Structures are given as structure tokens and as C-alpha cells.
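Order of listing sets the numbers, starting from 1, for every ligand and every atom in it. Please read these numbers as outputs of a predicted model, since none were measured by experiment.
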Amino acid sequence: MPENKTIVLGITGSIAAYKAADIASKLTQEGAKVEVVMTPSATKFITPLTLRNITGRPVVSDMWDLSDEFSVEHVALAEAASVVVIAPATANIIAKLAAGIADDMLTCVVLATKAPVILAPAMNDNMFQNPITQDNLKKLKVRGFTIVSPAYGRLVSGKVGVGRLAEIEEILCVIKKVLGRNGDLKGRRIVVTAGGTREPIDPVRHIGNRSSGKMGYALAEAARDRGAEVTLISAPTLLPEPKGMEVIQVETTLQMKEAVDKVLSGVDALIMAAAVADYKPAQIWGEKIKKHSPTLTLKLERTPDILAELRGKLLKVGFAAESQDVLKNARIKLEEKRLDLMVANDVTQPGSGFDSDTNKVSLIFKDGRVEELPLLSKREVAEKILDKVASLLEVK
Ligand code: PMT
């Protein structure tokens, strides 16, 4: 999480400079202290005042203007930075950094910092493809810079090509990954399942449930941001696919089981937040069922229990959405499925369970301990669960 981290956001002179305002805004909203450093040409595209209002912080654009009460010395910024991000990064700044030239505030900060540096290039497609730019980027990569490749699309010249600033979500994801690379889940491989599986009845109907995928996605993103290598196995949801992880889309319980079994080798922990169908129609109609008869009987048969049938030494975390005897029922499932941790989800509480942004859960451990959590956002619940996962993995 960027919370309480100092992020130096460098902005250079590109038409995409206005998009940096969105990056600054999102990082600020997530609790980061965003220190903006603009090159003089960046100020021709977007004003320092805009960035200053968004971040609530001084904006540095002129190395020699010390009249502003907010003027900050480059060494102090370089030392305070948890990460330096240059978005958009022009061919010019890339060339200067590759050559080790420090002639403005931004290049001085980059040369003086020990923090990781991320570059998100944005430029004309020919400039980007030019071997000089490519060589410079290669050189910087070798020196440990992280490059967020530009996207393909419409460029300011009117042409279509590779050179557009990468999607903001992708840049934010890379920032979080870089910030979290020394997190407590560093080097861990974690598989998360999310969403509600669907069991087809005929070509247009299915048996499903109300899972939105929010809990599972929050877990996958939180694990990614704490340094884990994450695989998200997702049943259908309306959520955008998260970046910075492997995402496998499935529909049925059987497909989810096959996906879990396929990726499991070398995995440290499996967290099953998905609401998995326990039954599926014994027969799938090849054509849409017509309403000819007054009643229709569906015969259902059991699906495999993914968690219960799992073998191996990995840490297993389950969820139990319960509407009565929450702790008792969740404990029974923990034992039946031989889990290390069960997240008992009280779905009778307002704002808890399916499709809400918040959740009210209790954590039940294998040794019988129970930890009740207050109503929290799903991201906060995810962080609490991962605190336990990290310490259980330490002793496993
Ligand atoms: O997606 P959201 O809208 O954010 O909602 C989140 C949630 C309510 C779906 C989630 O927090 C939750 O509680 N998920 C578990 C739902 C449930 O009731 O699971 P269960 O009691 O049927 O199963 C217990 C555990 O076994 C679960 O981890 C489940 O993934 C797993 N299971 C279940 C059936 C099956 N055939 N195979 C399984 O592995």
C-alpha cells in the first residue's frame, strides 16, 4: 500500500502530462505523500498549481527558484523517496538519465536517490522505436530502472502506434508492486479464488450465487502489494481484471478445481474466497428449455469439494458464509476440509458478505483460537487475513 510512503512523481514535457494529475490524485487518496517534480517543459502542458492542489504539497519545477516557501532541496527529496516515478517520461529525460546527465531538479533527484525508479515512457511512436531510445531504455533497465511499457493506440500526431502512456491503473499497480517488493509476503506464491461459480442448465441459464468477487479480488491485490506472486482464479464478476498477477478466468466448479490443481505446484498458500456451487444440474440441456409444462424438475448432483480434496503441504484458508450458528458451522467446515484458517463470514450483519464493500468476519484457527474483527472494508479484511497468512507461513 502506498499509505504513508513518500512518492516522488516526476512529470516531463509530454501531452500525456495531464494524466499525471490522475496518478497524483489516486496516490494521494490512498494516503501517499506525493512530491511532484516537474521539468520546465512539463509546466507548459499542466500547471504546478494543479498538482499542488491535488497533492497538498509543494511542487518543484525550477531548480534555482528558492523564493517559494515550498522550495525543496533535491537531496532531501531523493532521500525521502520510497520510490521515484516519472510519468510521462519523454525520450529526452530517458536519454539524459541513460547518459547520467543531471541538469534539472528531476534528473538531480534521480541521480541522488537510492529508491527504486519507475519510468513510464510516452512519446511519438518513431521516437520510441528509434534504436537510440531503445538502447537508452535497455541501459536503464540493466541499471535497475523499472519500465512501464507504453501502450498501442492513437497518438497526438493522429497516427496509431506504440507510444501512448500506459494505462493509469497499470502504472499504479507497478508502483504498488515496487513498494511492496520487500513486503512480508516477498517470495511467496499465493493462489486466491474469487467470485461465484456458475453451473449451466441450458445455453442461456445457469445456477449461480450473489458473490461479486470483491473479497477475493481485495485479497489478491493486497497479497500482490505485499510482495507475493499471485494467481487469481476468478469465476465471473463485473470487476476489472487486476494487474500485476496471473488471472485465470473460469466459470464452473469443475473448471475452478482444474485451474487450482494446475497451478498448485510450488504454491505456499491457497485462499478460497470464492462462493463455489455445491451442486450442478445432472443434465445440461443442449437447447434453451421451453416453458411447455407447468413445472420443471431439475435434478442436481454434487460438485467436487476443491478445498477438501486438496493434498499437499500448502497453507489452506477457507471462507464460510453463514447465516446461523456462524462460528460453530465454520469450525465444522475447518475440520472437514482440514484448513489452517477459516474466515467465518456472518452474512446476516448489515454491510457484510455478498456484494458489499465491507465485511464482518471472525478468524478461526486450527488450534481453536478465534479472533473477531469489526466491520471493515474488504481491503482491510484482506490485510488482516494476510497478516495471519504471513505469520502462519513463517512457522509452517
Ligand atoms: O464475492 P463477494 O461479493 O465479495 O462476497 C464474498 C463472499 C461472501 C463470497 C466470501 O466472503 C465468502 O464467504 N466465500 C465463501 C462462500 C461459502 O459459503 O463457502 P462454503 O461455505 O460453501 O464453502 C467453504 C469453503 O470451501 C470456501 O472457502 C469455498 O470456496 C470452499 N469450497 C466450497 C464448495 C466446493 N465445492 N469446493 C470448495 O472448495
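Distances below 4.0 Å separate heavy atoms of N345 from the following atoms of ligand 1: 8 (C), 10 (C), 11 (O), 12 (C), 13 (O). Interface of G213 with ligand 1, defined as ligand atoms under 4.0 Å from a residue heavy atom, comprises 1 (O), 2 (P), 3 (O). Counting the atoms of ligand 1 from 1 in the order shown, those under 4.0 Å from a heavy atom of T303 are 36 (N). Near K214, the atoms of ligand 1 lying under 4.0 angstrom from a non-hydrogen atom of the residue are 1 (O), 2 (P), 4 (O). Every atom of ligand 1 is numbered from 1 in the order shown, and the set under 4.0 Å from a heavy atom of M215 is 4 (O), 6 (C), 11 (O). Close approach of ligand 1 to K378 is summarised as follows: ligand atoms under 4.0 Å from at least one heavy atom of the residue are 2 (P), 3 (O), 4 (O), 5 (O).
At the shortest separation from atom 17 (C) of ligand 1 among protein heavy atoms lies A321 N, 3.7 Å. For atom 19 (O) of ligand 1, the closest heavy atom belonging to the protein is F319 O, 3.6 Å. Atom 14 (N) of ligand 1 has its closest protein heavy atom at A273 O, 3.0 Å. Protein heavy atom closest to atom 22 (O) of ligand 1, with residue, atom name and distance, is D278 OD2, 4.0 Å. The nearest protein atom to atom 30 (O) of ligand 1, hydrogens excluded, is given as A274 O, 2.8 Å; this is a heavy-atom distance. For atom 35 (C) of ligand 1, the closest non-hydrogen atom on the protein side is V276 CG1, 3.5 Å. For atom 37 (N) of ligand 1, the closest non-hydrogen atom of the protein is I306 N, 3.0 Å. Of all protein heavy atoms, the one lying nearest to atom 33 (C) of ligand 1 is K337 NZ, 3.6 Å.
Residue contacts with ligand 1, taken as heavy atom pairs separated by less than 4.0 Å, do not involve V347 at all. The parts of L307 lying near ligand 1 are both backbone and side chain, judged by heavy-atom distances below 4.0 Å. When non-hydrogen atoms are compared, ligand 1 lies under 4.0 Å from the backbone of D305 as well as from its side chain. Both the backbone and the side chain of S212 come within contact range of ligand 1, each with a heavy atom under 4.0 Å. Contacts between K333 and ligand 1 below 4.0 angstrom, taking non-hydrogen atoms only, involve the side chain exclusively.
Counting heavy atoms from C-beta outward, P48 and T43 have side chains that approach closer than 4.5 Å. Between T358 and L376, the closest side-chain pair of non-hydrogen atoms is not below 4.5 Å.
Of the polar atoms of V317, none of the N or O atoms is found under 3.5 Å from an N or O of ligand 1, judged by distance alone. Between P304 and ligand 1, at least one pair of N/O atoms sits closer than 3.5 Å. An N or O contact shorter than 3.5 Å links M272 to ligand 1 by distance. Considering backbone and side-chain N/O atoms, S211 comes within less than 3.5 Å of an N/O atom of ligand 1. At least one N or O atom of D355 sits closer than 3.5 Å to an N or O atom of ligand 1. An N or O contact shorter than 3.5 Å is missing between G318 and ligand 1 by distance. Of the N or O atoms in T193, none lie within a sub-3.5 Å distance of an N or O in ligand 1.
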Given T193 and I271, is the side chain to side chain contact (heavy atoms under 4.5 Å, CB included) satisfied, shown in steps?
-> CA-CA 6 Å; T193 67; I271 310 176; over 6 Å; no
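A salt bridge is defined here as a Lys NZ or Arg NE, NH1 or NH2 lying under 4.0 Å from an Asp or Glu carboxylate O, and K214 with D355 meets this definition. Salt bridge absent: D325 and R331 never bring a charged side-chain N and a carboxylate O closer than 4.0 Å. Taking a cutoff of 4.0 Å between a charged side-chain nitrogen and a carboxylate oxygen, K139 and D135 do not qualify as a salt bridge. Between E322 and K328 no salt bridge is recorded (no basic side-chain N to carboxylate O distance below 4.0 Å). We find that K384 and E371 are not joined by a salt bridge, their nearest charged nitrogen and carboxylate oxygen being 4.0 Å or further apart. Salt-bridge formation is detected for the pair E383/R226: a Lys NZ or Arg NE/NH1/NH2 atom is positioned less than 4.0 Å from an Asp or Glu carboxylate oxygen. Taking 4.0 Å as the cut-off between side-chain N and carboxylate O, E170 and K243 do not count as a salt-bridged pair. The existence of a salt bridge linking R224 and E229 is excluded, since no basic side-chain nitrogen approaches an acidic carboxylate oxygen closer than 4.0 Å. Ion pair K316/D340 not flagged as a salt bridge, since none of the NZ, NE, NH1 or NH2 atoms sits closer than 4.0 Å to an Asp/Glu carboxylate oxygen. By the 4.0 Å N-to-carboxylate-O rule, K360 lies too far from D346 to be salt-bridged with it.
A chain of hydrophobic side-chain contacts below 4.5 Å, direct or via other Ile, Leu, Val, Met, Phe, Trp or Tyr residues, connects V267 to L310.
Closest approach of N359 to M215, counting heavy atoms only: ND2-SD, 3.4 Å.
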